[in-house]
Q: 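Before anything else, here's the structure in question.
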Amino acid sequence: MLHAAPEIQLASATDTQRPARRYLPEDFVVTDWSALESYFIELRDREINAPQELEEWLLDRSELESALSENLAWRYIRMTCDTQDEERAEAFQYFVSEIEPNVAPYDHALNEKLIQSEYVGELDPQRYRVFIRSVRQALEIYRAENIPLKTDISTKQQQYAATVGAMTVTINGEEMTLPRAADFLKNPDRAVREQAYIAVQERRLQDKDSLDTLFTQLVRLRHQMALNAGFKNFRDYMFAALGRFDYTPQDCFNFHRAIRETVVPLIDDLDLERRQDLNLPELRPWDLDVDVSGKAPLRPFETGAELLEKTITVFQHLDPYLGDCLRTMRQMGHLDLESRKGKAPGGYNYPLDETGVPFIFMNATSSLRDVVTMLHEGGHAVHSFLTRTLPLSADKHPPSEVAELASMSMELMSMDHWDEFFPDADELRRAKKTHLESVLETFPWVATIDKFQHWIYENPEHTTEQRHERWVQVFDEFNQRTVSWKGLEQYKPYLWQKQLHLYEVPFYYIEYAMAQLGAIAVWRNYRQNPQQGLEAYKRALALGYTAPIGEIYAAAGIRFDFSTEYLRSLADFVREEMARL
């Protein structure tokens with residue numbers, strides 16, 4: 001029996017060098033399939049005559065996977081930084097259409113080689129249990145006929161980013177991106193807010209039909225993939241593909257109900273307070289982001305460079321290691337923070353498996369939301385650093401229930417040092433209160449998107465009219481129950497189109513609510529003992545995906561639990577913290 005891996009050591013946050021390769025040539029670069037295939041053939045055909053040789057084979061395979069992953073990452077990063085650059089789009093599309101389809105059959109063959117090896121049973125069962133479980137799952141759902149479908153899906157997902165990235169509106173004579181226009185929803189002048197809200201919604205409506213058509217095409221392709229793999233629907237296929245070993249669709253439905261029973265009434269109360277504080281006869285959709293004090297929107301920074309510098313300082317106060325992570329990224333140019341025309345929407349932290357230093361992308365426009373996004377993606381980045389020395393590429397990619405725990409916990413733990421962004425005590429209080437409200441608001445919105453997705457793929461033959469009707473039903477169940485939509489009814493059926501997850505990463509959303517619960521629990525521990533809470537957080541993240549979700553949460557000193565009782569206790573904790581502000 002092989003010995004268990006030693007206890008995980010803290011990965012360096014200051015090393016900017018890619019680790020030396022052991023299998024691929026140091027100067028190897030992914031160009032085309034012909035340059036790659038010989039390595040896959042060698043791995044497929046290599047003789048393995050001992051357990052140690054199987055582990056060597058796993059490490060070599062992992063190195064090849066990491067090189068491929070990082071090459072794809074850079075193609076995606078460059079494309080999203082400028083969706084209007086045709087060369088960048090073509091480079092990404094080349095990988096998706098010419099390299100990935102050729103890799104897939106070899107990947108399947110290598111999985112078979114591993115599981116069929118007479119030595120697989122001699123691998124350390126504790127060290128490799130999660131990895132082997134995932135490989136077996138991948139073998140079960142693999143179908144060769146799905147390879148061209150995945151290529152088609154990837155191409156269509158790219159169309160969504162290009163469509164939304166090109167959206168702009170003109171306000172007060174200035175053309176701007178939709179994220180910048182959304183900042184006007186924080187303006188104390190209600191007429192300005194209304195104008196901005198209507199402008200954004202009208203702009204979205206211009207592409208509503210093309211986005212509906214695109215989504216219909218994606219649903220049909222995804223459903224066919226599920227049928228090919230022997231599943232009843234794409235939802236069941238994705239639960240297998242995402243490795244959801246720890247919960248079921250019914251658990252998700254129970255979580256939706258728990259959110260409706262515990263958090264939605266809290267949001268209703270907050271909205272009632274908002275209407276009273278604003279002295280309005282009724283709330284409208286453009287009244288939900290403005291500060292009720294009547295003061296101008298918080299402006300915590302002016303430039304992306306200032307946002308980064310202040311975030312580094314906040315991280316440094318928490319733990320010097322965290323500050324070093326962002327400094328290293330800045331040194332290597334692994335950040336693109338400011339919003340601009342032609343840039344893809346949203347924000348992400350993209351791990352770079354070989355280098356171990358990730359890339360942060362976002363659309364900052366000098367708002368509180370941008371600060372939270374930077375802290376969120378910074379939490380993901382720290383996770384990448386903490387796992388960079390794990391031996392297998394698969395070890396570095398935990399499921400979203402763990403990945404989002406890293407980012408959401410960072411948002412909350414960092415609040416003790418937000419005076420770096422808000423030196424004025426009143427502004428600091430406003431910022432914290434606003435963010436804690438948004439933490440609670442996470443739950444209803446996640447339940448909305450997730451419940452909608454379940455219906456979409458349980459009913460893949462639905463019409464667009466049925467889709468719009470169902471969306472409005474689900475939206476009204478969880479959101480804005482005290483808000484008047486009179487005269488705005490034409491916008492509501494299309495609100496889901498702004499959620500890129502529905503187009504680009506289907507079923508990746510319920511994890512946000514699960515991880516938000518975990519993050520509140522991490523924060524509660526941190527409030528009780530900052531040093532112990534932070535160390536437990538880092539210890540859990542450093543596990544990567546070498547343990548099941550429940551064990552990773554336990555390492556952080558919390559529970560992987562989304563019962564009504566647990567949700568209520570943590571939501572009450574947030575409300576208590578808000579009351580102290």
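Keep in mind that this is a model prediction, so the values were computed, not measured. Sequential numbering from 1 along the given sequence is applied to the chain's residues.
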Q: Tell me whether the centres of the aromatic rings in F234 and H223 are closer together than 6.0 Å.
A: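 Aromatic pair excluded; centres sit 6.0 Å or further apart.
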
Q: Who are the ring pair (Phe, Tyr, Trp, His ring centres under 6.0 Å) partners of W74, not counting sequence neighbours?
A: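 Here the qualifying residues are H334, F359.
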
Q: Taking T355 for the side chain and L352 for the main chain, is one N or O donor matched with an acceptor at less than 3.5 Å?
A: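 Here the side-chain-to-backbone pair does not exist.
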
Q: May I ask you to test the P399-L242 pair for a side-chain heavy-atom distance under 4.5 Å?
A: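 SC-SC contact between P399 and L242 ruled out.
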
Q: Name the atoms and distances for all side-chain donor-acceptor pairs under 3.5 Å in residues 96-103, with sequence neighbours left out.
A:
unit_1: S97; atom_1: OG; unit_2: Q93; atom_2: O; d: 2.7
unit_1: N102; atom_1: ND2; unit_2: E98; atom_2: O; d: 2.6

Q: Does the side chain of H380 come under 3.5 Å of the side chain of E404 through a donor N or O and an acceptor N or O?
A: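 The answer is yes; a qualifying pair exists.
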
Q: Partners of Y494 by ring pair (Phe, Tyr, Trp, His ring centres under 6.0 Å), sequence neighbours excluded?
A: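 Listed in chain order: H468.
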
Q: Taking atom CZ of R133 as the centre, does the number of heavy atoms from other residues, nucleotides or ligands within less than 6.0 Å exceed 12?
A: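 Atom CZ in R133 is crowded, with more than 12 foreign heavy atoms closer than 6.0 Å.
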
Q: Is there any salt bridge (charged side-chain N to carboxylate O under 4.0 Å, His left out) pair reaching into residues 488-498, and which pairs are they, with sequence neighbours excluded?
A: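 Qualifying pairs, neighbours excluded: D476-K492.
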
Q: What about Y512 and W445, are their ring centers closer than 6.0 Å?
A: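 Between Y512 and W445, the centre distance exceeds or equals 6.0 Å.
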
Q: Does any pair with a residue in residues 229-245 pass side-chain hydrogen bond (donor to acceptor under 3.5 Å, both in side chains), and if so which ones, sequence neighbours excluded?
A: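 Those involving residues 229-245 are R235-H454, R235-E458, R244-Y247, R244-E511.
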
Q: Any sub-3.5 Å donor-acceptor pair from T155's side-chain atoms to T151's backbone N or O?
A: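 Judged by distance alone, yes, a pair lies under 3.5 Å.
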
Q: Are F28 and Y39 an aromatic pair, judged by ring center distance below 6.0 Å?
A: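 Yes, ring centres under 6.0 Å apart.
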
Q: Between T463 (side chain only) and Q466 (backbone N and O only), is there a donor and an acceptor less than 3.5 Å apart?
A: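 Such a contact is found between T463 side chain and Q466 backbone.
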
Q: Can you find a side-chain donor-acceptor pair between D183 and T365 that sits under 3.5 Å?
A: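 The criterion, which ignores hydrogens and geometry beyond distance, is satisfied for T365 and D183.
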
Q: State which residues pass salt bridge (charged side-chain N to carboxylate O under 4.0 Å, His left out) with D82; sequence neighbours excluded, sorted by chain then number.
A: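 Counting only residues at least two positions away or on another chain, D82 forms no salt bridge (charged side-chain N to carboxylate O under 4.0 Å, His left out).
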
Q: With no hydrogens and no angle check, just 3.5 Å: does a side-chain donor-acceptor pair link T328 and T16?
A: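 Per modelled atom types, T328 and T16 side chains form no pair under 3.5 Å.
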
Q: Restricting to pairs with a member in residues 361-372, which pass salt bridge (charged side-chain N to carboxylate O under 4.0 Å, His left out), not counting sequence neighbours?
A: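 For residues 361-372: none.
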
Q: Please assess Q137 against E140 for the test side-chain contact (heavy atoms from CB on, under 4.5 Å), listing each intermediate value before the final yes or no.
A: CA-CA 5 Å; Q137 182 79 291; E140 288 180 11; 3.4 Å; yes

Q: Return the set of residues passing ring pair (Phe, Tyr, Trp, His ring centres under 6.0 Å) with Y94 (not counting sequence neighbours), or none when no residue passes.
A: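 Counting only residues at least two positions away or on another chain, Y94 forms no ring pair (Phe, Tyr, Trp, His ring centres under 6.0 Å).
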
Q: Does the Lys NZ or Arg CZ of R222 fall within the cation-pi geometry relative to Y457 - under 6.0 Å from the ring centre and within 45° of the axis?
A: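 Verdict for Y457: no cation-pi partner in R222.
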
Q: Using salt bridge (charged side-chain N to carboxylate O under 4.0 Å, His left out) as the criterion, list what pairs up with R21, not counting sequence neighbours.
A: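 R21 satisfies salt bridge (charged side-chain N to carboxylate O under 4.0 Å, His left out) with E354 only.
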
Q: Do W485 and L488 pass the side-chain contact (heavy atoms from CB on, under 4.5 Å) test, and can you show the C-alpha distance, the side-chain angles, and the key distance before you say yes or no?
A: CA-CA 5 Å; W485 277 78; L488 308 172; 3.7 Å; yes

Q: Suppose we screen for salt bridge (charged side-chain N to carboxylate O under 4.0 Å, His left out). Which residues come up paired with E175, at least two apart in sequence or across chains?
A: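 Per chain and number, E175 pairs via salt bridge (charged side-chain N to carboxylate O under 4.0 Å, His left out) with K341.
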
Q: Going by salt bridge (charged side-chain N to carboxylate O under 4.0 Å, His left out), name the residues that satisfy it together with D209, two or more places apart in sequence or in a different chain.
A: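 Listed in chain order: nothing, the list is empty.
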
Q: Tell me whether the centres of the aromatic rings in Y350 and Y76 are closer together than 6.0 Å.
A: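 Y350 vs Y76: aromatic centres under 6.0 Å.
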
Q: Return yes if a side-chain donor-acceptor contact under 3.5 Å exists between S62 and Y23, otherwise no.
A: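 No - no donor-acceptor pair under 3.5 Å links their side chains.
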
Q: Would a distance-only check, ignoring hydrogens and angles, find a side-chain to backbone donor-acceptor pair under 3.5 Å from S438 to H435?
A: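 Present.
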
Q: Could you name each residue pair satisfying salt bridge (charged side-chain N to carboxylate O under 4.0 Å, His left out) that touches residues 387-397, not counting sequence neighbours?
A: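 Qualifying pairs, neighbours excluded: R127-D395.
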
Q: Check M410 against G379 and note the closest heavy-atom contact, atom names and distance.
A: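 For M410 and G379, the tightest heavy-atom pair comes out as CB-CA, 3.9 Å.
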
